[in-house]
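Lettering follows sequence order; numbering is per chain, from 1.
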Amino acid sequence: MVRILVPVKRVIDYAVKIRVTGGKVETANVKHSMNPFDEIAVEEAIRLKEKKVAKEVIALTIGPMKSQETLRTALALGADKAVHIEVPENQEVQPLQIAKLLKAYTEKTKPDLVFLGKQAIDDDSNQTGQMLAGLLKWPQATFASKLEVGGDKITVTREIDGGLETLESKIPAVMTVDLRLNTPRFATLPNIMKAKKKPIEKIAAKDLGVDITPTLETVSVSEPPARVGGGKVASVDEVSTLNLS
Amino acid sequence: MSTFKKITEADITHFKSILNDSVITSDLELYNNDWMNKYKGNSSVVLRPKTTEQVSQVMKYCFKENIAVVPQGGNTGLVGGSVPVNDEVILSTQLMNNIRDFDHVSGILNADAGCILETLDNWLQERGYIMPLDLGAKGSCHIGGNVATNAGGIRLLRYGSLHGTVLSLEVVLPDGTIMQLGKPLRKDNTGYDLKQLFIGSEGTLGIITGVSILTPPKPQSVTVALFGLDSYEKVLEAFKASKKNLGEIMSAFEFFDQPSLDLVKKHLGLRDPFEGQSPFYCLIETQGMNKEHDDQKIEKLIENLMENEIVSDGVLAMDQSQQTHFWKIREGIPEACAKEGGMYKYDLSVPVSQLYEVVLNMRQHLREKGLYHPEKEAPITNVVGFGHVGDGNLHLNILSTGRTKELEEAIEPYVYELTRSYEGSISAEHGLGLMKAPYLEYSKDIEFINYMKMIKKVFDPKGILNPYKYLPQ
C-alpha cells in the first residue's frame with residue numbers, strides 16, 4: 001500500500017470578491033479556505049485509503065500560523081496526519097521555493113505519491129507540481145481527471161486541449177488534479193472530532209535547508225478595468241450611429 | 001360592490017401630469033398577480049412615483065376623488081396583501097430607490113422605501129455593515145414592504161425584529177400628508193411611538209416612503225453547520241446546547257423535517273450533504289468578529305452535541321460555497337414545495353416545545369378525513385414542517401395534487417383552531433393581507449380588533465388605502 005503526501009494551500013475563499021488597495025490584494029479580515037483543487041487532491045487520497053490501496057495520507061502546508069486551519073480541514077476530511085512548515089507572517093513563498101521545500105521533505109520521508117491541486121486560485125501559477133517532479137526527477141501526470149492505482153503503477157487520464165490522454169507511470173510519481181477528478185466530501189462531525197486527536201508536526205523552513213527568498217518580483221497588481229455600463233437605443237438605425245470602439 | 005370611484009381617462013391624465021408620465025396602463029400581470037400566482041387583481045393602472053412629494057400629490061388626489069390605492073413594493077408577500085382585490089390603483093415604490101445617507105459611526109442608514117433589501121445589504125457590506133434582516137425574497141423585496149409587513153426572516157434570532165431596528169419612518173397618509181414618525185435616533189422617548197403602528201400595518205394606515213434603520217457591523221467570521229437528529233425533542237436539546245455554548249455568536253437556528261429535505265433534493269437537485277437519513281435536521285449559523293474565538297465555541301458545541309448523543313449526524317461547511325449550499329437547502333424548501341402542485345402554506349407561532357405537534361396533529365387530522373395517507377395515494381401528498389424554530393415560528397406546508405374546496409375546508413379553519421388552542425399566532429411573520437384577515441379572531445379578541453378598526457379610521461377615514469384586507473370586514 002502506498003503513502004500519499006498532499007500539499008495544501010490556504011487561499012482567499014473562491015466565493016469572495018477580490019479587492020486591490022495600494023497595489024496589493026486585500027487579505028485582512030477576508031475569508032480564507034483550502035484551495036479548491038487541493039480539496040480534490042485530498043479527497044482522492046482518502047478514497048484510495050478507503051479502497052485499501054493507500055495506507056497513509058499526509059497533508060502538508062507551507063505558511064504562517066494561520067495556515068494550520070487548512071491542515072485541520074484536511075484532517076477533518078480524513079487525512080491521517082498533518083505537517084506544518086512554518087514561515088514568518090507576511091513572508092511570500094513562490095512556487096519554485098515551495099517545490100524545493102517539498103522536495104526536501106519528500107526526500108526525508110519518502111512518500112510514494114505526491115498529489116497536488118493543478119494550480120492555486122490566488123496566483124494561478126500551475127507550476128509547483130511540475131517543478132517538484134523535475135527537482136525529484138520523478139514522473140509527473142498533470143490535470144488528472146481519472147486515476148487508477150495498481151501494483152507499482154498509476155494510470156492517469158488527463159484533460160488536454162484535444163480531449164483525453166491516458167498515461168501510465170511507475171511509482172513514485174507526482175500527480176496534479178483537475179476539477180473533474182472527484183467531488184470532495186463534506187467534513188462530518190465524527191471526522192471533525194477524530195481530527196482533534198491527530199498530530200500536527202511543525203517544521204521550520206530553514207530546518208529543511210532551503211532558501212525561501214522570492215526570486216520573482218511582482219511589479220504591479222491592479223483590478224481589471226471597471227465594466228462600463230451599456231445603454232439602450234431606440235432603433236436598429238441608431239446602432240450604426242454609435243461609436244462602438 | 002365597490003364604493004370607490006372607477007378610474008377614468010381624466011384620472012389617468014392627472015396622474016401622468018403629477019408623475020411626469022411614470023404611469024403604466026398595459027401589461028400589468030406582474031403587478032396584478034402575487035408571487036404565488038394565487039391572488040389576481042384587476043387594476044388598469046400602475047403609478048410609479050419617484051419622490052415622496054409625488055406620492056403625497058397622488059394621495060391628495062385619490063383622497064379627494066375617493067380612489068382606492070394598493071401600495072406595492074417587491075410584490076413578494078405571501079398573504080395576498082400586495083395586489084388589488086378588484087381594480088384598485090397600484091402605487092409601486094419601484095422607482096423610489098435612492099440611498100439617502102449613512103452614518104459610519106452609528107450604523108444608521110436612511111433609504112427610500114423602494115430600495116431592494118439585497119441591494120442595501122451589498123451596499124452596506126462594502127462599508128463594513130449589514131442589514132439586520134435577511135429573508136429568501138431579498139433579491140426582490142423592498143425595505144418599505146419589509147417594514148410594512150414587519151418581516152422576520154432568518155436573522156431575527158440575532159438582530160431582533162424591525163420594531164427594534166427601525167428608528168424612524170417617513171410616511172404619506174391617505175390624505176396626502178407627509179409625516180416624519182420619529183427621528184434617526186437610537187433613543188427618543190418623546191410621546192406615543194406612532195411608527196410602531198405603521199411597522200406591520202401592511203399599507204393600511206399610510207404609505208411608507210422612507211426608512212431609517214440601525215444596521216449591525218459586518219461579521220468577520222461566519223460558520224454554518226447542518227445536523228441530523230432523531231427526534232424533535234433532540235432539536236430542542238440542540239437549541240438549548242447552542243444557546244449555552246455559542247451565546248452571542250449564534251445568528252440562526254432553523255429546522256426542517258425529512259420530507260422537506262426529500263422535496264428539495266427532488267425538485268431543486270441539490271446535493272445531500274448527509275450519507276444517511278434523519279427524521280429532523282437543523283441548520284445553525286454563527287456570526288462573530290474573531291474566527292479563533294468562534295471556532296473554539298463551535299468546537300465545544302460539537303463536543304457537547306456528540307458526547308450527549310443529541311445529534312446523530314452532522315456536517316460543517318468548510319468554505320463559503322458550502323455555506324451557501326447549506327442555506328440553499330433550507331431556503332429552497334418553499335420553492336420545492338410549490339413545485340409539487342397545489343400547496344397550502346401556514347405560518348404559525350406556537351410555544352417552541354410544542355411546535356412539531358402541530359405538524360403531527362395536522363397529518364393525523366387529514367388522515368382521519370381520508371385525504372392523506374403516508375403510504376397510499378391520496379389528494380394530499382405531504383405535510384411538511386420547517387422554520388425558525390429558535391423563534392417558535394413554524395412553516396407548515398400542506399401539499400396536494402391540486403387545490404380543491406374539499407381540501408381547503410378540511411384544513412381551514414381547523415389549522416387556526418389548533419393554533420388558538422396553543423394560544424399561538426395564526427401569522428407569525430407573513431402578516432394578514434387578504435388571506436388571514438377573516439381569521440383574525442383566532443389570535444386577537446373582539447375588543448382588540450375594535451380598537452384596531454378605530455385606529456384605521458383615524459388615519460384612513462375614507463378607507464381608500466389597501467381596502468378589503470388586514471381587518472375582518
**Item:** Heavy-atom contact with chain A under 4.5 Å, split by part of B:F227
**Value:** side chain
**Fill in**
Those residues at least two apart in sequence (or on a different chain) that pass ring-ring contact (aromatic ring centres under 6.0 Å, His included) with B:F326 are A:F186
**Prompt:** Sequence neighbours excluded, which residues qualify as side chain to side chain donor-acceptor pair (under 3.5 Å) partners of A:Q91?
**Reply:** none
**Prompt:** With only heavy atoms counted, which part of B:M318 is less than 4.5 Å from chain A, the side chain, the backbone, both or neither?
**Reply:** both
**Item:** Contacts of type side chain to side chain donor-acceptor pair (under 3.5 Å), residue A:K202, not counting sequence neighbours
**Value:** A:E86
**Contacting region of A:P190 [heavy-atom separation from chain B under 4.5 Å]** = both
**Prompt:** What closest approach, in Å, do A:L189 and B:I302 show between heavy atoms, and which atom pair accounts for it?
**Reply:** CG-CG2, 3.7 Å
**Asked** Can you say whether B:V311 sits under 4.5 Å from chain A via the side chain, the backbone, both, or neither, judging by heavy atoms?
**Response** side chain
**Request:** Answer yes or no: does atom CG of B:L30 have more than 12 heavy-atom neighbours from other residues, nucleotides or ligands under 6.0 Å?
**Result:** no
Inter-chain donor/acceptor N,O pairs below 3.5 Å: chain A to chain B:
{"from": "A:D13", "atom 1": "OD2", "to": "B:Q320", "atom 2": "N", "distance (Å)": "2.7"}
{"from": "A:P184", "atom 1": "O", "to": "B:R271", "atom 2": "NH1", "distance (Å)": "3.4"}
{"from": "A:P184", "atom 1": "O", "to": "B:R271", "atom 2": "NH2", "distance (Å)": "2.9"}
{"from": "A:A187", "atom 1": "O", "to": "B:L316", "atom 2": "N", "distance (Å)": "3.0"}
{"from": "A:L189", "atom 1": "N", "to": "B:G314", "atom 2": "O", "distance (Å)": "2.8"}
{"from": "A:K196", "atom 1": "NZ", "to": "B:E299", "atom 2": "OE2", "distance (Å)": "3.3"}
{"from": "A:K196", "atom 1": "NZ", "to": "B:E303", "atom 2": "OE2", "distance (Å)": "2.4"}

